[in-house]
Amino acid sequence: MSIAAAGLRPHVVGQGTHREDTVFMRTQVAIIGAGPAGLLLGQLLTNAGIDNVVLELRSADYVLSRVRAGVLEEGMAGMLDEAGAGRRMRAEGLPHDGFDLAFDGGHHRIDLHGLSGGKRVMVYGQTEVTHDLMEKRRDTGGLSVYEAVNVQPHDFDGPNPYVTYDKHGTSHRIDCDFVAGCDGFHGVSRRSVPDSAITAYERVYPFGWLGILAEIPPVSHELIYANHPRGFALCSMRSMTRSRYYVQCPLDDRVEDWSDDRFWDEIRRRLPADVAERMVTGPSFEKSIAPLRSFVAEPMRFGRLFLAGDAAHIVPPTGAKGLNLAASDVRYLFDGLREYYADGSSAGIDDYSRRALARVWKAERFSWWMTNTLHRFPDQGAFGQKIQEAELNYLVSSRAASTSLAENYVGLPY
Ligand code: RFL
Ligand code: PHB
């Protein structure tokens, strides 16, 4: 049912009231999850004068301790500016004009800037993005409830949705116009939708990424993505003194199996000799293993519940698209909500799922393709390795193929 058909006007925001053992309050948009999707949406809504509350299962410190993405498309960077949280990113982030593809003992630069008509990406950690958005939210008086347990959206298929949660032993209920499910892949929002209303598409890859952070200068001023018979490797960074490196590893490996020495030996073996020789090593201060998965849930809207970011879709990190897709979802959702509150039109929110999914699937394809081209698969054999190297040779020698790679990597238009 469309919002117009439901004939609903935005709720007036009131003070919390107590009834029996439940604290009641009202807002316009209840946002579940304080990751980048939830915080970015919340800030854009706040800036537009649309009341919202963010409910997060974890503590703020826990959210800030998760090391994840590092590459922002221009669209995402622009949205941070629009949210009023882009100042530090512009001062401290590292604009990148290209990256290297390494294979068969050599490496080849992809000129992102030249091939994409002047675009570039920004290397700036997700932790910093989250920190800047949290700070902005605090400065602008936005309400975030951390350590909110048993968060549950209700009645989103009708005109009067609400969200319940518990905090410090007290039950809370937030009545709202809309619920934004920004609670990641394992969140409650998608799971609250009946199975019959949702279709999931999924591919699980037979390997993971072991990632480390170390206080050492990056081996190159640009990222290096490496295909090697021993497995994929990636040299990334957070600053010119902090490196973020990854190696493909078996899914059943444990972080304890990987001493720093073992990690440095392995990544050096997977890189061209000249790169390996100049790599500076040192003690890691973060080490974790992430599984790789492609996943899309369709649709992304269920009445007055909208899914955004990892709650609706996952990409393997090879194309650096996860965080950027969360941002494009927020772009479409925010524009739809603003239109609804400013003009009373539900056209934008009615079209949200279609618009978001059209972009999501293109990024899913790109991330799947980059993953297939760069990783070692258990059954690929010597023939599969040769085919990958032929594909990579074609990529770096054909302007058309390099242009397609660059266009996708810097981010397709919103
Ligand atoms: P998040 O960041 O998972 O945030 C969801 C939030 O919801 C909370 N939550 C709940 N809150 C209340 N009630 C519940 N029941 C809840 N359940 C969960 C969670 O605690 C959390 O705070 O999702 P969001 O906001 O959609 O953001 C998505 C991005 O975090 C993700 O796509 C990226 O990190 C993916 N990713 C990368 N993306 C890029 O664009 N570029 C990259 O370079 C890149 N590198 C990566 C990555 C992800 C990685 N890992 C660890 C999977 C590298 C890695 C290794
Ligand atoms: C990172 O810096 O964490 C990073 C960079 C590029 C990727 C994935 C992760 O494709």
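Just so you know, ligand 1 is whichever comes first in the structure, and atom 1 is the first atom listed for that ligand.
Interface of Arg68 with ligand 2, defined as ligand atoms under 4.0 Å from a residue heavy atom, comprises 3 (O). Atom numbering of ligand 2 starts at 1 in the shown order; those under 4.0 Å from a heavy atom of Pro317 are 7 (C), 8 (C), 10 (O). Heavy-atom contacts of Tyr225 reach the following atoms of ligand 2: 6 (C), 7 (C), 10 (O) (cutoff under 4.0 Å). When each atom of ligand 2 is checked for a heavy atom of Thr318 under 4.0 Å away, the hits are 10 (O). Atoms of ligand 2 found under 4.0 Å from any heavy atom of Val71 (numbered from 1 in listed order, with element): 5 (C), 6 (C). Every atom of ligand 2 with a heavy atom of Leu223 under 4.0 Å away is listed here by number and element: 5 (C), 6 (C).
The residues Arg230 and Glu266 are annotated as salt-bridged, a charged nitrogen and a carboxylate oxygen being separated by less than 4.0 angstrom. Ionic pairing of Glu74 and Arg120 is not present here: no N-O contact between side-chain nitrogen and carboxylate oxygen is shorter than 4.0 angstrom.
Assignment of Arg238 to the shell around ligand 2 is supported, since a heavy atom sits closer than 4.0 Å. Distances shorter than 4.0 angstrom occur between a heavy atom of Arg66 and an atom of ligand 1. Heavy-atom separations between Gln126 and ligand 2 are all 4.0 Å or longer. Residue contacts with ligand 1 do not include Gly211, since none of its heavy atoms lies under 4.0 Å from the ligand. The shortest separation from a heavy atom of Val123 to ligand 2 is not under 4.0 Å, leaving the residue out of contact. For the ligand labelled ligand 1, residue Ala148 lies outside the 4.0 Å heavy-atom shell.
Side-chain contact of Tyr341 with Asp177: a donor-acceptor pair under 3.5 Å is present, judged by distance alone. Side-chain contact, Asp274 with His107: a donor N or O sits under 3.5 Å from an acceptor N or O. Side-chain polar atoms of Arg359 and Ser328 form a donor-acceptor pair below 3.5 angstrom. Ser284 and Asp260 form a side-chain donor-acceptor contact under 3.5 Å, judged by distance and modelled atom types alone. A donor-acceptor contact under 3.5 angstrom links the side chains of Asp132 and Tyr124, judged on distance only.
Closest protein heavy atom to atom 4 (C) of ligand 2: Tyr246 CE1, 3.9 Å.
Contact annotation: for Tyr245 versus ligand 2, there are no heavy atoms closer than 4.0 Å.
Comparing Val188, Val123, Val163 by heavy-atom distance to atom 15 (N) of ligand 1, the nearest is Val188.
Taking Glu391 as the reference, nothing meets the salt bridge (Lys or Arg N to Asp or Glu O under 4.0 Å) condition, with sequence neighbours excluded. Every side chain to side chain contact (heavy atoms under 4.5 Å, CB included) that Gln152 has, sequence neighbours left out, goes to His154, Thr164, Val188, Ser192.
Ligand 2 has no N or O atom lying under 3.5 Å from any N or O atom of Tyr409, backbone or side chain. For ligand 2, the polar-atom distance check finds an N/O of Ser236 within less than 3.5 Å of one of the ligand's N/O atoms.
A side-chain contact (heavy atoms from CB on, under 4.5 Å) with Leu333 is found for exactly one of Asp329, Leu337, Asp335, namely Leu337.
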